[in-house]
Amino acid sequence: MRRFLVRIVQTILISALILGAVPRPAGADPSLPIVKDNGLVTIEVYPLKHKLVVLLDHLPYRTFSVAVGNPDTPTPVGEYLVIYKGKNWGPSFGSRWIGLNVPWGTYGIHGTNRPYSIGQHASHGCIRMRNRDVEELYEMVPVGTKVTIHGHVLGEANREPRVVAEGDVGAEVQLIQNRLQSAGYFHGECNGKFRFSTTAAIKKFQKENGLVPDGIATLEVYEKLGLIE
């Protein structure tokens with residue numbers, strides 16, 4: 001029965017692609033990923049619940065248990081697109097790979113040779129699924145599918161945000177770059193990669209706001225940027 005339903009979904013998707021209802025990924029570089037939902041099929045990931053939900057025309061269709069990133073290498077919060085689909089990347093990635101357009105690194109939804117990790121914060125940021133589950137998902141989602149990963153980019157409400165410095169990557173870095181750019185301090189690409197240009201922008205911001213100009217995004221920098229109260 002499940003295979004029959006998957007084939008129905010595939011048929012609907014193929015028809016939608018022919019009619020242009022499911023978009024192919026655009027080449028835009030979002031400052032903070034905000035993806036317009038034009039597709040019949042979308043994915044929502046809830047890291048704290050270790051759940052991945054497939055929605056068909058905005059209604060829940062399938063729910064899978066997943067493993068997500070550990071606190072040191074969290075799964076990136078935001079809205080992204082599926083930009084690549086591949087098979088058999090290697091044992092650690094299981095039987096399928098569904099790549100996302102996270103601007104600061106290579107992240108995706110994939111299988112695993114460690115099924116016991118499902119339901120835990122155990123990955124390096126990717127979303128792990130049981131191989132049989134990711135094979136089912138692989139057949140359901142076309143390139144261009146919107147993927148929303150829920151949560152706050154600055155972490156849990158009762159935790160201070162991550163202190164970041166040159167060499168770090170992540171959603172926090174992208175958000176800081178975005179605020180610095182809006183304030184006229186940063187003129188580079190908001191890609192979540194903390195490089196020299198971001199360091200220079202933070203140093204200038206710190207100096208003009210009475211902070212030690214060391215180029216490190218501390219709690220004080222977050223507060224001055226209006227990212228936390």
- With respect to Val141, which candidate in Thr42, Val147, Val41 satisfies the side-chain contact (heavy atoms from CB on, under 4.5 Å) definition?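 In the set Thr42, Val147, Val41, the residue that makes a side-chain contact (heavy atoms from CB on, under 4.5 Å) with Val141 is Val41.
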- Item | Identified side-chain contact (heavy atoms from CB on, under 4.5 Å) partner of Phe93 from the options Arg128, Lys87, His110 |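 With Phe93 as partner, side-chain contact (heavy atoms from CB on, under 4.5 Å) holds for just one option, His110.
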Taking the side chain as every heavy atom from C-beta outward, state whether [X] and [Y] have any atom pair closer than 4.5 Å.
| X | Y | result |
| --- | --- | --- |
| Phe205 | Lys224 | yes |
| Ile43 | Ile109 | yes |
| Thr148 | Val45 | no |
| Leu137 | Met129 | yes |
| Ile216 | Ile202 | no |

- Pairwise distance OG(Ser197) to CD(Glu166) - rounded to 0.5 angstrom: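 Going from OG on Ser197 over to CD on Glu166, the span is 8.5 Å.
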- Message: With rounding to the nearest 0.5 angstrom, report the CG to CD1 distance, Leu100 to Ile83.
- Response: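 Rounded to the nearest 0.5 Å, the CG-CD1 separation comes to 7.5 Å.
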Classify the ring geometry between [X] and [Y] as parallel (under 30°), tilted (30 to 60°) or perpendicular (over 60°).
| X | Y | result |
| --- | --- | --- |
| His150 | Tyr46 | parallel |
| Trp89 | Tyr84 | tilted |
| Trp104 | Tyr80 | perpendicular |

Under 3.5 Å, is there a donor-acceptor pair between the side chain of [X] and the main chain of [Y]?
| X | Y | result |
| --- | --- | --- |
| Asn101 | Leu81 | yes |
| Glu172 | Pro161 | no |
| Gln206 | Asp214 | yes |
| Gln177 | Asn191 | yes |
| Ser123 | Val68 | yes |
| Ser182 | Asn178 | yes |
| Tyr222 | Arg162 | yes |

- Would Arg130 and Thr112 satisfy side-chain hydrogen bond (donor to acceptor under 3.5 Å, both in side chains), going step by step from the backbone distance to the final call? CA-CA 6 Å; Arg130 295 181 178 87; Thr112 183; over 6 Å; no
- Query: Within 45° of the six-membered ring axis of Phe64 and under 6.0 Å from that ring's centre, is NZ or CZ of Lys51 located there?
  - Reply: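 Geometry flag: not set, cation outside 6.0 Å or 45°.
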- Task: Please name the pair of heavy atoms, one in Cys126 and one in Thr106, separated by the smallest distance, quoted to 0.1 Å.
- Result: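 Minimum heavy-atom separation between Cys126 and Thr106: SG-O, 4.2 Å.
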- Message: Salt bridge or not between Arg62 and Glu136? Use side-chain N to carboxylate O under 4.0 Å.
- Response: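 Counted as a salt bridge, because a side-chain N and a carboxylate O are separated by less than 4.0 Å.
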- Would one find more than 12 heavy atoms of other residues, nucleotides or ligands at under 6.0 Å from atom NZ of Lys85?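 Result for NZ/Lys85: enclosed.
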- Exceeds 12 heavy-atom contacts within 6.0 angstrom, atom CZ of Arg114: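 Open: at most 12 neighbouring heavy atoms sit under 6.0 Å from CZ of Arg114.
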